[in-house]
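Here is the structure we will look at.
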Protein chains: 2
Amino acid sequence: MAVNLSALQLDKQLCFPLYTASRLVTQCYHPILKELDLTYPQYLVLLVLWESDKVNVSLISKRLYLQSNTLTPLLKRMEEMGLLTRERSAEDERNVIIRLTEKGRNLQIQASTVPAYLSSQTPLSQEEFQTLHQLLYKIIQHTP
Amino acid sequence: MAVNLSALQLDKQLCFPLYTASRLVTQCYHPILKELDLTYPQYLVLLVLWESDKVNVSLISKRLYLQSNTLTPLLKRMEEMGLLTRERSAEDERNVIIRLTEKGRNLQIQASTVPAYLSSQTPLSQEEFQTLHQLLYKIIQHTP
DNA sequence: TACATTTGTATCGCAAACGATTTAATCTTA
DNA sequence: TAAGATTAAATCGTTTGCGATACAAATGTA
């Protein structure tokens, strides 16, 4: 079989624009999250907890597609910051239950301006946004 | 102004599917790049060099949207692996010139199967691929 | 009850990513 | 040409992200 080297061009890849757009968009979050003293993955954890508090690490793992070896140190840091508590479940001691503190809950009000700020930074129309959103979830749900 | 907390739902964000799809797709690369003994960002650097060898760090930085504090250790590692050389330019000593070695050049043949493997993993049609590609570049080029 | 397996979490080590800062070389311009 | 600005790359410190591994509790099974 003939070797096709032209497929190796940077601008033909899907991975590269995905990776780059993700990094650049995350960078856009940086200044506004800095005011809340949060990193981007910490913000994602809070998004989960604001929707459903008092969950184990597994649930956060499933929602964010992040493994426990990533989440554990992240959650410990957030515990030190006073945003949440980590406590072994009494019923099933394999579970560690994460609960928002008062401080963690209150942060939701301050964070409520974040999505609007970010969509104001986006060059996409409402329709393009929807299309992109749908295509990305298609990839996410397909990937094992 | 009333505070709108519903915008903080995880599945309404654009950032999150972008971030997750990027991570999951990069993970798809892992097994095949492991056979070439490359990480994903190392593969990206090679994509640049296979297109244009003998370039300074700045050019790689511009093409990949990565800063020198990310690239310098990455390139040093690749130098230790014997994939490339790093040498100060004689004309302008601020520049460090990156050149592929024989080994680095030869890797292109082995890597030529990577794009086909990955597009076989993708659930997207040709048309969806193009749409996604275009929307992502719209974001990339818009972001400062 | 003893033993193996599964499940959930944690630990370790490495490679990115990036903000902030530094160093050195080159360019500008007064 | 000397002072200041700019540019290129490197350094430092912190946080992610993940593979590999370890470990304890819970569950299944002989």
Side-chain angles (χ1 to χ4, degrees), chain A residues 15-16 19-35 37-45 55-62 64-81 83 86-98 143-144, chain B residues 15-16 19-35 37-45 55-62 64-81 83 86-98 143-144:
Chain A
C15 61
F16 173 64
Y19 166 83
T20 304
S22 168
R23 284 180 31 247
L24 295 182
V25 170
T26 304
Q27 281 177 41
C28 287
Y29 276 84
H30 210 265
I32 193 162
L33 290 182
K34 193 175 184 177
E35 286 170 35
D37 203 24
L38 292 174
T39 65
Y40 179 69
Q42 287 170 3
Y43 171 69
L44 292 182
V45 168
V55 295
N56 62 3
V57 177
S58 276
L59 186 133
I60 302 176
S61 170
K62 281 190 193 76
L64 299 182
Y65 301 85
L66 286 169
Q67 299 174 1
S68 74
N69 50 4
T70 300
L71 287 173
T72 298
L74 206 159
L75 291 169
K76 279 188 178 172
R77 231 170 271 127
M78 292 176 78
E79 186 185 30
E80 282 169 23
M81 294 162 71
L83 297 173
R86 298 163 59 253
E87 200 182 354
R88 288 248 166 226
S89 162
E91 297 100 56
D92 186 337
E93 295 208 3
R94 294 174 303 180
N95 288 278
V96 169
I97 308 296
I98 307 296
T143 309
Chain B
C15 62
F16 172 64
Y19 167 81
T20 303
S22 168
R23 282 180 33 250
L24 296 182
V25 170
T26 303
Q27 281 176 40
C28 287
Y29 276 85
H30 210 265
I32 191 162
L33 290 181
K34 194 175 185 177
E35 288 171 35
D37 203 25
L38 292 174
T39 65
Y40 179 69
Q42 287 170 6
Y43 171 69
L44 291 183
V45 168
V55 295
N56 61 4
V57 178
S58 278
L59 186 134
I60 302 176
S61 169
K62 282 191 192 76
L64 299 182
Y65 301 85
L66 287 170
Q67 299 172 2
S68 75
N69 50 2
T70 299
L71 286 172
T72 297
L74 207 159
L75 292 168
K76 279 186 180 175
R77 237 170 267 129
M78 294 176 79
E79 184 185 30
E80 281 168 23
M81 296 161 71
L83 296 173
R86 299 163 58 252
E87 200 183 353
R88 289 254 165 220
S89 162
E91 295 101 58
D92 187 337
E93 293 209 5
R94 290 174 305 181
N95 289 279
V96 169
I97 308 297
I98 307 296
T143 309

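Naming convention: chains lettered A, B, ... in sequence-line order (proteins, then strands); numbering from 1 in each chain.
Between B/Leu59 atom CG and D/dA9 atom C1' there is a gap of 15 Å when expressed in whole angstrom units. Here C/dT9 presents its C1' atom at 13 Å from NZ of A/Lys62, a figure rounded to the nearest Å. Here C/dT6 presents its P atom at 19 Å from CG of A/Asn95, a figure rounded to the nearest Å. Per the geometry, CD belonging to B/Glu79 stands 14 Å off C1' belonging to D/dA9, to the nearest Å.
By the side chain to side chain donor-acceptor pair (under 3.5 Å) test, B/Glu79 pairs with B/Arg86, sequence neighbours left out.
Residues B/Ile98 and B/Leu59 are not in side-chain contact: their nearest non-hydrogen atoms beyond the backbone lie 4.5 Å or more apart.
The two atoms that bring A/Ser22 and B/Ser22 nearest to each other are CB-CB, 3.8 Å, heavy atoms only. Considering all non-hydrogen atoms of both residues, A/Ala90 and A/Glu93 come closest at O-CG, 4.2 Å. Counting all heavy atoms, side chain and backbone alike, A/Pro41 lies closest to B/Tyr19 at CG-OH, 4.1 Å. Scanning all heavy atoms of the two residues, the minimum distance from B/Leu64 to A/Thr20 falls at O-OG1, 4.4 Å.
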Scan nucleotides 10-19 of chain D nucleotide by nucleotide, 5' to 3', and note B when protein non-hydrogen atoms come under 4.0 Å of the base, S if they reach only the sugar-phosphate, - if neither. BBB--SBBBB
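Here A/Tyr40 contributes atom OH and B/Cys15 contributes atom SG; the two are 3.0 Å apart, rounded to the nearest 0.5 Å.
When each of B/Val96, B/Asn56, B/Asn95, B/Ile97 is paired with B/Arg88, the side-chain contact (heavy atoms from CB on, under 4.5 Å) condition holds for B/Val96 and for no other.
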Listed pairs, N/O of protein and of nucleotides 1-7 of chain D, under 3.5 Å:
residue : atom : partner : partner atom : Å
D/dT7   : O2   : B/Arg94 : NH1          : 3.4

